[in-house]
Protein chains: 2
Amino acid sequence: MEISILDKEQLKTGYLLAALGESEFDAVVAHGTIRVLAPGERLFDQGDPCTHFFCVLSGIVKLCRVAPSGEEKVMDLVRKGHYFAEAVMFMGGRYPVHARALEVTRLAALENQHFLGLLRGNGDLCLRMLSSMSQRVHGLINEIDHLTLHSSAQRVIGYLLEQLPQGDAPASVRLIVPKHIIASRLGIQPETLSRVLAKLRAEHLIDVHDDTILLNDVEAMRRLS
Amino acid sequence: MEISILDKEQLKTGYLLAALGESEFDAVVAHGTIRVLAPGERLFDQGDPCTHFFCVLSGIVKLCRVAPSGEEKVMDLVRKGHYFAEAVMFMGGRYPVHARALEVTRLAALENQHFLGLLRGNGDLCLRMLSSMSQRVHGLINEIDHLTLHSSAQRVIGYLLEQLPQGDAPASVRLIVPKHIIASRLGIQPETLSRVLAKLRAEHLIDVHDDTILLNDVEAMRRLS
DNA sequence: GCCATGCATTGATTTAGATCAACCCCCCTT
DNA sequence: AAGGGGGGTTGATCTAAATCAATGCATGGC
């Protein structure tokens, strides 16, 4: 499906393409398509040749890996307005993860080769790409650090604090994905997540109403994480 | 200390600067300096402002993080001919890890700003940088995957296989860093590493002589990892 | 020579978290 | 209303790896 005016607006405001000129932007988007995925539907698998990068327009995409045993580890959850697989574009090789929709999801699929062509002539864009990839590197280093140096409770707390909107308004977090997905994202079992939340509740650090979690003492939790 | 002709050769053959023209290369290296670190000496700390990137000329640099508890996790071991902290250059911000010499180590310190200036005028170099950072992203994703989806034995085996020189010559690995550093690199305790190696030895998968390890059945180990 | 220090190995014990299992609750279908 | 499935919680048990502890074994200083 072709990309509508409205969707173009959204693509333009995302960080990746924000600073492109009119004609450059059009060049990248011209060959792009819109895809709509059903819940659970496959976008690509680990090992597939990498031809496109994507921007989520609505819904959620899960990036994960699967162990030989069949167990899966969620590497990232990509939401509306965020790009993914841009970092992989350059090796030209293959996607390092599986991508699946978690719910009905609309996304824009943009062709690597057109974007690469653009980069060749736009040093400034290159630098911004480098910066964003550097940020990803930082993020991944952080992740490793958390997985090895922090307990499961600390990781859960860290995740909750990350989800917190910046304003120091009512500190509440909405879990928009099923808990077992979050558990995998954190590298723990659903049961463990459940127990950790129960414990935090018992200590009055959080209150849980359905899928929203109220953080009663952000400072205390920051000290713990 | 200034950079000698000999060291320049080494810098030039490293992947980062390999494809620079004569004048470009000189521009980057002109403001660079050589540093010699004693074993254990600090190069920079996590949180220090990021002003330089580095190339190891001899010796080994350890990149690590420290938990609130004081325990440390080795994120990477950088050896002769390899660059580090180039990925961080672009955010301009701060180093995300501590850097320490493990033994007497010589390295070249190059200024971010000169390299960035160069990138601005060299789209091709930009693309190569992007590719190398993409590789780093892949590597880190792999690492996370191993830390969450694989047992300690599998990680040890994976590490040994990684260290293997490509040729299918005698499959032996030389452990050039102390075992407890490798253990941290793998996210396990030294005792556990010792036990894993003992077990592999008992199963005749490896032979250990001092600090060199002979892999008797690479295929079998590949299946296990 | 002797002692101190740091690394590695091995054994005993503990523990965080995984696994196994039962159950509930909510929503959907028929 | 009955049945059924998925997700979540809770409890009991198990296990991989951490921790604690003792010993061996080099190396270096004096």
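In what follows, every chain begins at residue 1, and chains take the letters A, B, ... in the order their sequences are listed. Here the structure is a predicted model, which is why all the values come from computation and not from measurement.
If you take NE2 of H150(B) and C1' of dA16(D), they are 16 Å apart, rounded to a whole angstrom. Distance, Q189(B) CD to dG11(C) P: 19 Å, rounded to whole Å. In this structure, K199(A) atom NZ and dA16(C) atom C1' are separated by 11 Å, rounded to whole Å. With rounding to whole Å, E103(A) atom CD is found 17 Å from dG6(D) atom C1'. When rounded to the nearest whole Å, the span between CG of L175(B) and P of dA8(C) equals 10 Å. Between the C1' atom of dA17(D) and the CG atom of L147(B) lies a distance of 14 Å, rounded to the nearest Å. At whole-Å resolution of the value, CG in D211(A) and P in dC27(C) are 12 Å apart.
Using a 4.0 Å cut-off between a side-chain N of Lys or Arg and a carboxylate O of Asp or Glu, E191(B) and K179(B) do not qualify as a salt bridge. A salt bridge links D48(B) with R42(B): the closest approach of a Lys/Arg side-chain nitrogen to an acidic carboxylate oxygen falls below 4.0 angstrom.
At a threshold of 4.5 Å between non-hydrogen side-chain atoms, the residues V173(A) and L175(A) count as touching.
Separation of the F115(A) and F90(A) ring centroids does not fall under the 6.0 Å cut-off.
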ask   = Quick one: what's the B/S/- string for nucleotides 7-14 of chain D, heavy-atom cutoff under 4.0 Å, read 5' to 3'?
value = SSSBBB--
task = For the pair D76(B) and R136(B), evaluate salt bridge (charged side-chain N to carboxylate O under 4.0 Å, His left out) and give the outcome as yes or no after the intermediate values.
result = CA-CA 11 Å; D76(B) 207 356; R136(B) 179 145 312 187; 5.2 Å; no
inquiry  = Evaluate R155(B) against E162(B) for salt bridge (charged side-chain N to carboxylate O under 4.0 Å, His left out), listing each step before the verdict.
reply    = CA-CA 10 Å; R155(B) 274 179 271 160; E162(B) 262 176 41; over 6 Å; no
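In this structure, S152(B) reaches the dA17(D) phosphate: one of its side-chain N or O atoms is under 4.0 Å from OP1 or OP2.
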